[in-house]
Asker: 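I have a structure I would like to understand better, so I am pasting it below and will then ask my questions one at a time.
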Amino acid sequence: MTPMAGADVFAMDPDEVRKSVEILFEIEAEVDAQAATMATANAEAAGPLKDAATALGPALEAAGEWWQVHRAGGFRGLVGNTGEYLAVCAEEAVEVDDYNAGTFASVAGDRYPERPNANASSRPDW
Amino acid sequence: MSELTWERLRDLDCGAIRTLGDAWKTYVDQQLAHTERLRTDVIDGHLGTEHYESDTATQVRDQIAMTADRYEDDLSDYASTRIATTLLEAADAFEKEQNELKELVPLIEQHDFEIEGPHTEYDVNLSGGLHRAILTLDPPQWLCDMCGVKKPDGFWDIDTLKVLFDSVDLYGTAIGLAGQYQDWLRSVMSRAHDADEEAAAALAEMRENPTELPPPLGATYDDLVDDYKDSVSEEVAGEAQAIAEGTSGMSPEQVNEWWDHLSDAERQALIEEHPEWVGPVDGIPVETRDTANRTLLDSQIDGLGDRIAAKEQALQGMDPESEEYEKAKAELDDLKHDKSDLTRLQDRITDDDGSPAASNQTGQDYYLLGFDTEGSGKAVVAIGNPDTADNVNTYVPGTGGSLTGAGGGLLNRADTMAFDAQRLGGGDETATVLWMGYDAPDDLIEATDPKWAEGGAADLESFTKGVRATAEGEPSNFTLTGHSYGSTMVGTAAASEGVEADNLMLIASPGASVDTASALGVDENHVWASTNDEDAIQYAPVHGENPTHEEFGANTFTSDSPREGSDWWKFWEGPAENHNSYWDQDDLNTPANEANDISRDNQAYVVTGQEERVR
């Protein structure tokens with residue numbers, strides 16, 4: 001393992017950490033896509049139930065959206081956040097409390113050019 | 001609020017709802033692969049300690065594990081238990097009522113009736129054509145057959161005159177039949193609306209108080225993650241409280257899934273620290289509820305003892321002539337009454353050494369599934385374990401039922417039913433439950449009011465669903481037996497909320513809230529009624545058609561009337577006494593296991609699935 005600058009923070013094998021990052025970003029993307037598929041199926045089924053004036057129809061539609069945005073979306077966001085943090089770690093030592101999305105944007109350019117979150121200036125913690 | 005109409009219910013694609021429920025279950029499995037990958041490929045793989053080591057590294061691994069834990073709980077609690085199970089339960093419930101409509105609506109149309117009124121309370125009336133047909137002395141063949149008259153052939157002959165003279169009867173018969181279909185339709189829609197609203201509530205409540213997510217890595221993470229860990233430690237208690245207080249919107253099946261998902265440590269902590277959130281809850285296994293309820297029972301008896309002592313001490317300092325004293329004395333009497341009832345129940349279900357007692361009639365253990373001293377008091381006690389039994393018979397008592405009776409005569413009666421099921425059950429295990437789970441009317445005047453049954457309907461529905469949810473292995477053959485007003489309770493719950501039962505037995509019934517067995521949501525071939533010849537209740541069908549009458553459409557069985565008045569001139573005593581004679585041992589000289597008490601035998605045959613032996 002390579003001692004990083006500020007070696008009291010941690011030591012690591014950067015390649016292994018980057019492999020973790022790739023897995024985290026893959027999971028993030030898959031969870032996002034699968035939640036969208038599920039939400040679409042949910043909304044399609046909720047439609048006829050709403051047309052039938054059931055109480056279930058609107059509740060189902062709201063539940064599907066809530067799941068996609070807040071729970072699957074919450075998980076996806078946390079996985080992505082951890083991936084971004086580790087991507088930074090693979091380049092430079094940073095404590096958890098000192099990390100923000102801007103740090104990732106500064107290291108993401110070459111290595112993760114396709115990642116939308118590399119453009120971190122649009123994020124609230126920039 | 002559900003505004004489902006009968007036409008929309010008829011046309012609803014229940015298969016699509018079920019398919020979506022299955023899709024959510026599949027989705028959950030798919031997502032669990034992601035958390036599995038986080039643990040194996042990241043935490044224990046590329047990000048293992050051999051590649052990434054320090055306090056910070058440990059913190060990051062913990063964060064990933066927390067994120068995976070959270071998502072797994074979310075998938076179980078929300079995506080599976082809430083969304084998928086709600087959809088699957090709703091699909092089953094809608095489909096069941098849809099099948100009722102498929103049977104009912106053609107009957108309504110064939111008889112030239114019309115469905116009118118708002119979806120909240122449909123009427124089934126005679127159509128204009130049917131009115132005209134009767135008025136013009138040309139009634140349809142089915143009506144002539146029902147009234148026993150020959151359909152006129154268009155000429156003014158004797159048959160036409162008969163129809164003219166019988167027109168009142170023809171109208172009455174047609175209106176009566178329309179009324180039965182109306183009861184049936186209203187019951188179908190009541191249960192469908194109930195299922196719809198319960199499903200919507202389960203989904204809405206899910207979003208009301210969601211659990212927190214772990215904080216993202218970044219500024220103030222250390223503080224935020226401590227807060228998160230605190231919230232996780234309180235999460236299960238919060239869920240349990242909401243379930244017990246009825247604010248979670250979860251069905252017993254969903255409660256059961258939630259309970260199964262808890263760790264052993266979480267379950268044990270709830271049982272020990274909050275038995276009040278475990279004991280009364282439908283959907284939690286019977287053994288666990290019994291343990292929690294016995295703890296609660298001990299605790300309440302002790303608490304009442306303390307309150308009685310404090311109240312007695314307070315009384316000593318009061319003026320015995322004062323209003324304050326009178327009030328305190330009344331409160332003291334109530335406390336003593338409650339303590340006496342609970343102690344009696346405890347003595348009945350507990351051995352001298354403090355361990356759970358067994359019925360002296362069957363040797364089966366008693367299980368305490370709930371109790372309450374509020375009002376007349378409630379208690380639910382099982383003889384034998386419903387979770388493992390082949391048959392479950394739930395006895396719902398009627399007027400005068402109370403906590404006092406639950407520790408005495410009512411439980412004796414349930415013991416007799418258990419004995420009969422064991423005696424005639426051919427080796428099958430039958431659990432018999434005394435469900436004194438509603439505030440029963442205190443007297444015959446109160447018993448003319450349906451509000452007692454309406455007040456208990458949702459609880460009885462929940463209880464039956466709980467029995468189904470916690471059953472181990474194959475579902476039991478489940479019978480609901482209502483006696484007297486208890487049959488009104490059973491009928492009301494079955495018609496308005498829906499009950500998960502295979503058989504309904506309406507004994508000495510003043511009416512089951514509807515005029516036809518078809519409205520009860522249980523195959524009418526499995527609805528049974530019996531009233532003995534001497535029972536006065538047959539003259540008081542105040543809650544709908546007498547279920548033993550042919551028009552009601554239930555199966556009937558014979559019950560004897562063994563009791564007599566104390567003197568020949570006390571003509572009223574026999575009819576009153578025989579209202580409660582259905583579990584008598586008629587011939588006390590015959591050993592109980594050789595007795596031939598026809599009503600008891602018939603009940604046992606229904607309960608143990610031997611309907612062909614019913615006489």
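Lettering of chains follows the sequences in order, A, B, ..., and the numbering in each one begins at 1. Excluded from the calculations below are hydrogen atoms, water molecules and symmetry mates; all remaining heavy atoms, backbone and side chain alike, are included.
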Asker: Distance from B:I17 atom CD1 to A:T54 atom OG1, nearest 0.5 Å?
Answerer: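 One gets 7.5 Å once the value is rounded to the nearest 0.5 Å.
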
Asker: What part of A:A72 gets within 4.5 angstrom of chain B, counting heavy atoms only: side chain, backbone, both, or neither?
Answerer: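 Backbone plus side chain of A:A72, per the 4.5 Å heavy-atom cut-off to chain B.
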
Asker: With a 4.5 angstrom heavy-atom cut-off, which part of B:E72 approaches chain A: side chain, backbone, both or neither?
Answerer: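 For B:E72, neither part sits under 4.5 Å from chain A.
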
Asker: What part of B:A90 lies closer than 4.5 angstrom to a heavy atom of chain A: side chain, backbone, both or neither?
Answerer: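 For B:A90, the contact with chain A is made by the side chain alone.
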
Asker: Any side-chain heavy-atom pair from B:Y27 and A:Q34 closer than 4.5 angstrom?
Answerer: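 Result yes, sub-4.5 Å side-chain heavy-atom pair found.
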
Asker: Against chain B, work out which of A:H70, A:E26, A:R18 has the most heavy-atom pairs shorter than 4.5 Å and name it.
Answerer: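 Max contact count across the listed options: A:E26.
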
Asker: Under a 4.5 Å cut-off applied to non-hydrogen side-chain atoms, are A:V17 and B:H51 in contact?
Answerer: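 Contact flag for A:V17/B:H51 side chains = no.
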
Asker: So B:Y71 and A:F75, would you call those rings parallel, tilted or perpendicular, with 30° and 60° as cut-offs?
Answerer: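 B:Y71 vs A:F75 ring planes: parallel.
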
Asker: So what's closer than 4.5 Å to chain A heavy atoms on B:R207: side chain, backbone, both or neither?
Answerer: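 B:R207 touches chain A through backbone and side-chain heavy atoms alike.
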
Asker: Identify which of A:D98, A:V79, A:L49 forms the greatest number of heavy-atom pairs closer than 4.5 Å to chain B.
Answerer: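 Top option by heavy-atom pairs under 4.5 Å: A:L49.
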
Asker: Go through the atoms of B:M206 and report whether side chain, backbone, both or neither lie under 4.5 Å from a heavy atom of chain A.
Answerer: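 For B:M206, the contact with chain A is made by backbone and side chain together.
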
Asker: How far apart are the closest heavy atoms of A:A52 and B:R8, and which atoms are they?
Answerer: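 So the minimum-distance heavy-atom pair works out to O-CD, 3.2 Å.
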
Asker: Sort A:N42 into side chain, backbone, both or neither according to what part of it lies under 4.5 angstrom from a heavy atom of chain B.
Answerer: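 Contact with chain B: backbone and side chain both.
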
Asker: Check each of A:L78, A:T82, A:L86 against B:L217 using the side-chain contact (heavy atoms from CB on, under 4.5 Å) test, and report the only one that passes.
Answerer: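 Of the listed options, the one satisfying the test is A:T82.
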
Asker: I want to check something: taking the side chain as every heavy atom from C-beta on, are A:Y99 and B:Y221 in contact at a cut-off of under 4.5 Å?
Answerer: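 Heavy-atom side-chain distance check fails, nothing below 4.5 Å.
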
Asker: If we define contacts as heavy-atom pairs under 4.5 Å, which of A:A59, A:A55, A:P48 has the most with chain B?
Answerer: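 The residue among A:A59, A:A55, A:P48 with the greatest pair count is A:A55.
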
Asker: Identify which part of B:T67 has an atom lying under 4.5 Å from any heavy atom of chain A, answering side chain, backbone, both or neither.
Answerer: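 Both backbone and side chain of B:T67 come within 4.5 Å of chain A.
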
Asker: Output the distance between atom OH (B:Y52) and atom OG (A:S20), rounded to the nearest 0.5 Å.
Answerer: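 If we round to the nearest 0.5 Å, B:Y52:OH and A:S20:OG are 9.0 Å apart.
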
Asker: If you take all heavy atoms of B:L213 and A:G74, which pair is closest and at what distance?
Answerer: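 So the minimum-distance heavy-atom pair works out to CD1-CA, 3.7 Å.
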
Asker: For a 4.5 angstrom cut-off between non-hydrogen side-chain atoms, does B:Q63 reach A:Y85?
Answerer: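 With C-beta onward as the side chain, the pair stays apart.
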
Asker: What closest approach, in Å, do B:D74 and A:W67 show between heavy atoms, and which atom pair accounts for it?
Answerer: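 For B:D74 and A:W67, the tightest heavy-atom pair comes out as O-CZ3, 3.6 Å.
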
Asker: Could you state the interatomic distance from CD (A:E61) to CG (B:L203), rounded to the nearest 0.5 Å?
Answerer: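 Those atoms lie 12.0 Å apart.
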
Asker: With a 3.5 Å distance limit and no angle check, can you tell me whether A:D97 reaches the backbone of B:D222 through a side-chain donor-acceptor pair?
Answerer: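 Such a contact is found between A:D97 side chain and B:D222 backbone.
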
Asker: Between B:T19 and chain A, which part of the residue has a heavy atom less than 4.5 Å away: side chain, backbone, both or neither?
Answerer: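 B:T19 has no heavy atom closer than 4.5 Å to chain A.
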
Asker: Using a cut-off of under 4.5 Å on heavy-atom pairs, state which of B:D13, B:L38, B:T5, B:L9 scores highest against chain A.
Answerer: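 That would be B:L38.
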
Asker: Is it the backbone or the side chain of B:I64 that comes under 4.5 Å from a heavy atom of chain A, or both, or neither?
Answerer: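 Contact with chain A is through the side chain of B:I64 alone.
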
Asker: What part of A:L60 lies closer than 4.5 angstrom to a heavy atom of chain B: side chain, backbone, both or neither?
Answerer: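 Both parts, backbone and side chain.
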
Asker: Does atom NZ (A:K50) have a neighbourhood of more than 12 heavy atoms from anything else shown, all under 6.0 Å?
Answerer: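 Result for NZ/A:K50: open.
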
Asker: Between B:P210 and A:R71, is any pair of side-chain heavy atoms under 4.5 Å apart?
Answerer: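 Side-chain contact under 4.5 Å: yes.
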
Asker: Please give me the minimum heavy-atom distance between B:L20 and A:A45, naming the atom from each residue.
Answerer: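 Minimum heavy-atom separation between B:L20 and A:A45: CD2-CB, 3.4 Å.
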
Asker: Need one label for B:L87: side chain, backbone, both or neither, based on atoms under 4.5 Å from any heavy atom in chain A.
Answerer: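 For B:L87, side-chain heavy atoms alone lie under 4.5 Å from chain A.
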
Asker: In terms of heavy-atom proximity below 4.5 Å to chain A, should B:L224 be classed as side chain, backbone, both, or neither?
Answerer: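 Neither; nothing under 4.5 Å.
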
Asker: Is it the backbone or the side chain of B:A192 that comes under 4.5 Å from a heavy atom of chain A, or both, or neither?
Answerer: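 Contact with chain A is absent: no heavy atom of B:A192 under 4.5 Å.
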
Asker: Check whether any side-chain heavy atom of B:Q31 lies under 4.5 Å from a side-chain heavy atom of A:I27, and answer yes or no.
Answerer: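 With C-beta onward as the side chain, the pair stays apart.
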
Asker: In terms of side-chain heavy atoms, does A:E22 have a donor or acceptor partner in B:H46 at a distance below 3.5 Å?
Answerer: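 Looking only at side-chain atoms, B:H46 and A:E22 do not form any donor-acceptor pair under 3.5 Å.
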
